[in-house]
Amino acid sequence: MSEQSLSRLDRFKQSNLFYCFTRDKVAMVCTGLFLVFILGSIFAPAIAPYNPYDMSSIDIMDSELPPSWQEDGEERFLLGTDAQGRDMLSTILYGTRVSLTIGLSAVALQALLGIVIGLSAGYIGGRVDSMLMRLADIQLSFSTMMVAIIVLAVFKASFGSELYGEFAMLILIFVIGIAEWPQYARTIRASVLAEKEKEYVQAAKVMGFGNIKIMFRHILPNCMSPIFVISTVQIANAIISEAALSFLGLGMPISEPSLGALISSGFEFIFSGSWWITVIPGVVLVTLVLVINLLGDWLRDVMNPKIYKD
Amino acid sequence: MVRFLFKRLFQAVVVMFFISLISFSIQDNLGDPLRELVGQSVSEQEREVMRDEMGLNDPFLTQYSRFVVKALHGDLGTSYFFREPALQVILEKVPATLELVFGAVIIILLVSIPAGVYSAINPRSLLTKFIMGFSVIGISVPVFLMAILLIYAFSIHLGWLPSYGRGDLVPVFGSWETGFLTKDGLLHLILPCISLASIMLPLFIRLIRAEMVESLHTEYVRFAWAKGLNKYRVWFLHALKNTMLPVVTVGGVQIGTMVAYTILTESVFQWPGTGFMFLEAVNRVDTPLIVAYLIIVGLIFVVTNTLVDLIYGLIDPTVDIIGGKK
Amino acid sequence: MTLLDVKDLRIEFPSRHGIAVAVDDISFHVEAGEIVGLVGESGAGKSTIGNGIIDLLSAPGRVAGGDIHLNGEKISQLKADEMRKVRGSRIGFIFQDPMTSLNPLFTVEQQLVETITTNLSVSKHEAYTRAIDMLEQVGIPEPQLRIKQYPHQFSGGMRQRVVIAIALCSEPELIIADEPTTALDVSIQDQILTLIRKLCKEKQVGCIFVTHDMGVISNVTDRVCVMYRGKMIESGTTEQILGAPEHPYTKSLISAVPRTDVKLLRFPLVDYIESVEEEDEKIDLSTHWLGKDVDYRNEGKEILQVNDVNLKFLTKQAFFDKNKQYVHASNNVSFNIIEGETFGLVGESGSGKSTIARIVAGLYRQDSGSIVFDGKDLSHMSERQRRPFRRQMQMVFQNPYSSMNPRMSIRDIVAEPMIFHGLCESTKEVDQVVEDLLCHVGLGRKAGVKFPHEFSGGQRQRISIARALATRPRFLICDEPTSALDVSVQAQILNLLKDLQQELGLTMMFISHDLPVIRQMCDRIGVMRQGSLVEIAETEKLFKHPEHEYTQNLLSLIPQMEGLSREGLEIV
Amino acid sequence: ETLKIAYDADPVSMDPHQQLSGGTMQYSHMVFDPLVRWDQQHAIEPRLASSWERVNDKTMRFHLRHDVKFHSGNAMTAADVEWTFKRLQSSPDYKAIFSPFEKIVVVDDYTVDLITKQPYPLVLNAATYIFPMDSKFYSGKDENGELKSALKKHADTFASRNESGTGPYTVVERQQGVKMVFDRFDDYWDKKSPGNVDEIILTPIKEGPTRVAALLSGDVDFISPVPPTDQKRIKNSDKTNLITMSGTRIITLQMNQKRVPAFKDVRVRQAVVYAINNKAIAKKIMRGFATPAGQLSPEGYVGHNDKLTPRYDLKKAKQLMKEAGYDKGFSVTMTAPNNRYVNDAKIAQAVANMLSKINIKVDLKTIPKAQYWSDFDARAADIMMVGWHADTEDSANFAEFLAACPNAKTGMGQYNSGNYCNPKVDAIISAASSETDPVKRSQMLKEMEAIMYEDAAFIPLHWQDLAWGESKNVDGAKVVNVMDFPYLGDLVVK
Ligand SMILES: Nc1ncnc2c1ncn2[C@@H]1O[C@H](COP(=O)(O)OP(=O)(O)OP(=O)(O)O)[C@@H](O)[C@H]1O
Ligand SMILES: Nc1ncnc2c1ncn2[C@@H]1O[C@H](COP(=O)(O)OP(=O)(O)OP(=O)(O)O)[C@@H](O)[C@H]1O
Ligand SMILES: [Mg+2]
Ligand SMILES: [Mg+2]
Ligand code: NI
């Protein structure tokens, strides 16, 4: 067993991926930052100076204090406080945790659905294609917001609204995942339509491979480039959609704000002087998205054997 | 070809049927339309009476079949708020939205193609890094915020551009009033179009870049170089055309999504289009209007996707959309 | 003055495993009006030299040293913009792989016309007339109709001709032709060679002609350079090289040329080939896994029956059915193949050979007719029902590059069918077999980690043969399996196929335009023309007494090579 | 002079009786004129009725002006008032306000009597809702064969598309939801009015920041409402003025005694009220643009009781919880709208935080108003938010809807989601409805407020202040009022 795992590690070390990684500063910095985000959100309860979910520790009289380096700032609150008097630093740490979970999982769900549907539609074609693509049309007509309303209704009907708080995160992932799969499906389908006419697919057919194998092992890797682009963009979108859903009462509970919710709820303060309420989480979000995008770009290039990196 | 279009037409009808069914079944969860129609002190009994009059208490199937029968006669119901046929309300608002989307699409085309191509060709240049960095910021700033920032910068601070509305309009063919033909109208278009475009622009820049990088490595691009072609011809014709397939697809989906995003842009800029109307309709629980809007949007999706599929066929001759014989 | 002068050219492909030197200090020159042949083993660096000259090495290749002068003007290290003016207008280039050289999204017309208008100052209309003329010259029938089509509607040979037309259309001073006739049948090949020769002689154009076909070499070239592993080992006039080779590699190369005059039992092996560096391991087929269970031995029975197969392709879309135009790619074709034999299919380019192969392999569905394999009618089987037959029936594609998934490593490409069909017990065994197979086809054990685009044309073809053999097929369809191989490797592959056939009773359908090879390989031959099978006969009978007029014509065009020694051949 | 104004919404209809809402009232005061209206001091001032007197305890006589013309050119007479009054009585939205009235009697062409079923103190308050309509203009049938007087909730009617009022402005153009253009009425009766605006262009701008931006960039001259966060900017800008006024809309939270047994205990309710620092909410979240409340009636209303001040005292709250045996606390659910009242969601959140300090764990949900009211009607949470503005501008109205024992038949306590029920309060409400002596009535209502205060019947938060923004050249301060319907006819623009 240990021999096996060792050889796996060795294999990884010899792989192209690892090699390119060690040669690319941007990739290393991004991975580092990304790890910081991940660790920061996993260990938020340990790192954060306050627990922003503990309502009794929040005092409204502390609200809208600027960051500590500013004139009216207080030592206690390094990055200032928001309109409710929550410590920004702690809130951001917890919020990143929520946003990152939702963003990554929702996009994973979208991608999963979209890829399976898009591949099948493009590869099988004919009636299946028409049906799936029209399903996508129906889905697209119901924006995230409408899906949210439907899901909420179904959930309420089946479990009652009390349970909602506990499952908020899962529901959000579900809603965003369901609402946006057509983006993937249609893109993949287009690539598949072009790829499936290529000779390597015919070669695979001659080998006798099953359709599933041809779809996922042969065609899919050749359609990855737009998927990477969409995914990295969608993560940002998912994070922001979640904030928009809070407005419908479908987001995270208002007392457990996500990064997106922080930005949207704070934006009215930009011009009234309390810029930090929205700007600091905004910077965090931009950095997060930037890191994810750069990693995505890098991964895409590495996975394409034709593009050499030196 | 004709058969293909007929098939799509039929599918469109099916799509719209399902959309209406779904939206009809959720309307109870959107809220109580009566609340938005009456003053605060109107009593519950009174509201109940009105609900009866409006047929809102009928069983779901009765309501739905009534709707379908009317819809088959071209009547998608009457908006509670506008007190006009929903279809008419939407048609009145469509020009505004279309012009907004059109403007945004133009901006996207004008910016994303050169930017994407440039950054694919010069992957290491400073400008490329700037473009890519900028696009990330574009993705992660919510539209709403972007719009407000633009207003504050360009209409309050600099006072260059108007902050809301469509400005002067001139009528062109019939009831279509356009802002594209007056200076004031154009000025009013700038900010909303930019903020709408800002959502999609990064995606397109990145997509074009990614696809372009791939196609620059193909043999036929090498062969095109060997033929001694002008570099612009190689880049913009040979390489770019091959990147267009995914771009057109994503474009097709995104034009639809853009219709959804008009909701936000229009409400910030008080743009009298369908998006804003829809948001208001949801706020006012104007269910007939919501259902009609969704049906129309569904139709738009079917139409754009049909177009996109036709365009595939034009771009890539190996793709066989009609299902003919190979 | 010399037209092209290459001095000490050195080209490297750096990678993380070290720097691979593809071209090692090579010097040669081309005079105006002269045709210089470039021969050598597959992967020797022939294409790389061409790419190096026009500065189109694929990344990460780079010219590491040396000078290149064109008409006295130094063209190495030119700026990108200036280099572009050299390409096309002064140096015409014919890429080795015609299938991927054409942009799939543009019609042939667009691609030709743009080249002409860019490099010559002519109007669009003149360019069009010239394009039609060029197509006619390279032997495309009905050019007015064909020019409007897209590359995927052309057969392999036709695409190659289009590529040639594009390279020639702008009246360059120098033509670099990288295996321009691999996919062409002899009649067309003859036409093209005449065209190139005429151009060179009349317009004083210089030409570098890369090929592995010694017949072609002896027919057209004035001088020949021989390459071996990045080095130039010998050069001289054509007669000199062919008649009295000095270097041992050249000698063995020439002995491996398939003869038109006699039929051999086996090809003489070139003992001087690539993988010798790893101590020459001769794998005994009978102990090797490929021979482990000799399942199919049923000689004398028909394994495949093709009955009245028809297939039309739509060539012009139209609103109404009656305005649509079709190409009859397969017209009432019928033939049988007997277990254990090798059935050859020859015919002009575009005659429908690949189409038949694809129908048999189940890639195209015929309009009418039936395919019976091992007694079962495959025509109406579902994909699932067909699967057991898939493993028994394999195909080597005409175009090796595009038939490999660009994102899979060679090891994965070859291993996948074995794993899928559960032919091996462990990963280790798979790796072992893959390595053996790669070794067999002369690529060396280490090739597995690379990706398809990192190989030379011939190497790719060998990979696709290795893949086809991986499932231990019973019936193998080879669509031009050796078209891009140099004779030494070709001999090795052909021997391998012959061995397999003997050991395993492998049945083959062998498509080739190379009549000498066909003659050496096949038991029976079918001749195709414009979608119809015009003649089927035993090999020797066909070669000696061709019946159909078309066959006679075809045979008369085989390039004749005189003066090749017959030393050490096992003649039947 | 042209004045461009931007409100958050435009009137839903041109028919003043279509829906009782702020937008309709703002519109009515521009295009119609009432018999009487409130002035800035919350006193009644004559409009179309030049004077009035009580004939007996059930009858009030109004003397109409003689020189009033409708926009159609018709002269206004008692017949028009009668026609309007009857239409009001049949209108679903206004029915409730006019239910105490028995009938209207035309005495002569310019005199009418309003007769109530019982002695009724709020006849004048109701008269502010009588905007005489042009009975001739609205009679007969329109081109579709519908009655011109028809009043329908969700269909187009003649009256919803046309107007003929007596007001200072006529409607010349209307695109619903986009813009509305008014022109000054040349034959306007009020020649003394200083108003000098010839044309008004009303644009609804829904988003607060955009509305503010439009004002700051000079695209519009007058806006309402102004979001609290932007008020400072408008105040500080050298191009704009900010007008504020303490308002009359009370924001409260109700504790549902049916759902939560603990809330049946008056000590727990008091503890909750003591735990909530509504002064801090008004200061921090409302940025000072709200008046912290201890009761329902705002200052100036007859029932306003000066002694009932906000009572924040955390220690006392904890002690009360202990006394009630709930020192360990309990969990409750709370629902609030997030787009109905100013900063509603933020307020709710702050309250939740404050309650956690006395160990009441709040599970808070905020939803859009469209869905909120269904939840509210279903009493779907333990604590719910409701804001109220009295249509009659009277203290009793607050209590009737928010604090009376819920009774589906009479409609009392319709918005009392807390199920608070104190017969004494109900008794005072009904007594006050027929008490015509203002002093006595005021006494009764003040006592009622005190009872509710003691009972901690609900959690009073604050009265929302009103704010308008205007360009420097507009003199809006003279025409605005606490009811939020600026008398734009009297507006002066320099
Ligand atoms: N992009 C690349 N990356 C790495 N190695 C390469 C690349 N292209 C070619 N090579 C290597 O360079 C060597 C020479 O290749 P080249 O294509 O010139 O061979 P060739 O002589 O044309 O062979 P053939 O007759 O088979 O076409 C080969 O060993 C090949 O593996
Ligand atoms: N997908 C297609 N669409 C339309 N026409 C096609 C298609 N594939 C092949 N054809 C046409 O069918 C004919 C036969 O093609 P095929 O590829 O079988 O020729 P071939 O005998 O293999 O020639 P070569 O030796 O040049 O490869 C040609 O005229 C070709 O243009
Ligand atoms: Mg080569
Ligand atoms: Mg072929
Ligand atoms: Ni009022």
Side-chain angles (χ1 to χ4, degrees), chain B residues 28-47 49-50 53-54 78-85 89 92-93 96 144 147-148 151-152 154-166 267-272 276-277 279-280 282-286 288, chain D residues 6 9 12-13 18-21 24 92-97 152-157 160-161 175-179 203-207 209-220 233 339 368-375 377 388-392 397 400-401 408-411 414-415:
Chain B
D28 287 345
N29 299 293
L30 293 174
D32 178 4
L34 255 299
R35 275 284 173 183
E36 302 302 315
L37 289 176
V38 301
Q40 57 179 10
S41 15
V42 174
S43 73
E44 178 55 35
Q45 286 105 316
E46 200 114 10
R47 274 185 271 147
V49 172
M50 278 186 250
E53 269 170 30
M54 290 159 70
T78 302
S79 158
Y80 296 148
F81 176 72
F82 291 94
R83 290 182 213 88
E84 276 174 27
V89 174
E92 273 165 21
K93 310 258 171 193
F144 204 74
I148 294 285
I151 293 181
Y152 272 89
F154 290 99
S155 41
I156 298 186
H157 242 283
L158 300 169
W160 292 348
L161 296 168
S163 54
Y164 75 94
R166 287 183 76 192
S267 65
V268 176
F269 288 99
Q270 196 66 35
W271 194 263
F276 181 53
M277 176 209 78
L279 189 70
E280 291 282 89
V282 170
N283 278 337
R284 294 197 191 97
V285 204
D286 194 344
Chain D
V12 293
S13 165
Q18 184 95 46
Q19 181 175 355
L20 177 47
S21 67
T24 303
D93 281 51
Y94 291 83
K95 223 182 231 170
I97 296 174
K152 281 192 204 149
K153 264 296 170 205
H154 60 282
D156 217 9
T157 59
S160 73
R161 278 175 281 124
Q175 276 174 272
Q176 193 169 7
V178 179
K179 83 176 184 191
T203 319
I205 301 186
K206 182 143 182 300
E207 296 299 332
T210 313
R211 203 157 55 237
V212 172
L215 176 70
L216 290 175
S217 64
D219 290 342
V220 299
R233 281 176 70 80
N339 59 355
K369 62 174 181 200
Q371 285 123 59
Y372 180 69
W373 291 118
S374 325
D375 270 17
D377 285 344
W388 196 257
H389 161 88
D391 289 338
T392 52
N397 179 281
E400 183 184 328
F401 282 95
K409 263 205 215 95
T410 58
Q414 194 184 337
Y415 288 85

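By convention in this document, chain letters (A, B, ...) are assigned in the order of the sequence lines, proteins followed by strands, and residues within each chain are numbered from 1.
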If you count heavy-atom pairs under 4.5 Å with chain B, which of [options] comes out on top?
| options | value |
| --- | --- |
| D:Trp388, D:Tyr94, D:Phe401 | D:Trp388 |
| D:Gln19, D:Lys369, D:Gln175 | D:Gln19 |
| D:Ile97, D:Asn397, D:Asp377 | D:Asp377 |
| D:Thr157, D:Val178, D:Leu215, D:Asp375 | D:Val178 |
| D:Lys206, D:Glu400, D:Arg211 | D:Lys206 |
| D:Lys152, D:Arg233, D:Lys409 | D:Arg233 |

Within-4.5 Å side-chain heavy-atom neighbours: [X] and [Y]:
| X | Y | answer |
| --- | --- | --- |
| B:Phe154 | B:Trp160 | yes |
| D:Gln18 | D:Asp93 | no |
| D:Thr203 | D:Asp219 | no |

According to the interplanar angle, ranging from 0 to 90°, do the rings of D:Trp373 and D:Tyr415 count as parallel (below 30°), tilted (30 to 60°) or perpendicular (above 60°)? perpendicular

Show your working on side-chain contact (heavy atoms from CB on, under 4.5 Å) between B:Tyr152 and D:Val212 and close with a plain yes or no. CA-CA 10 Å; B:Tyr152 272 89; D:Val212 172; 4.2 Å; yes

Chain B heavy atoms under 4.5 Å from [X]: which part of the residue, side chain, backbone, both or neither?
| X | value |
| --- | --- |
| D:Arg161 | neither |
| D:Gln176 | both |
| D:Ala9 | neither |
| D:Ser13 | both |
| D:Ser374 | side chain |
| D:Lys179 | neither |

Counting heavy-atom pairs under 4.5 Å with chain D, which one of B:Val268, B:Val285, B:Thr78 comes out on top? B:Val268

Would you say [X]'s side chain and [Y]'s backbone share a donor-acceptor pair under 3.5 angstrom?
| X | Y | answer |
| --- | --- | --- |
| D:Asp156 | B:Glu84 | no |
| D:Ser217 | D:Ala213 | yes |
| D:Asn339 | D:Pro368 | no |

Determine the minimum heavy-atom distance between B:Phe81 and B:Asp286, stating which atoms define it. N-OD2, 3.2 Å

d(D:Thr210 OG1, B:Ile148 CD1) to nearest 0.5 Å is 4.5 Å

Name the region of [X], side chain, backbone, both or neither, that has any atom closer than 4.5 Å to a heavy atom of chain D.
| X | result |
| --- | --- |
| B:Glu53 | neither |
| B:Val282 | backbone |
| B:Ser267 | both |

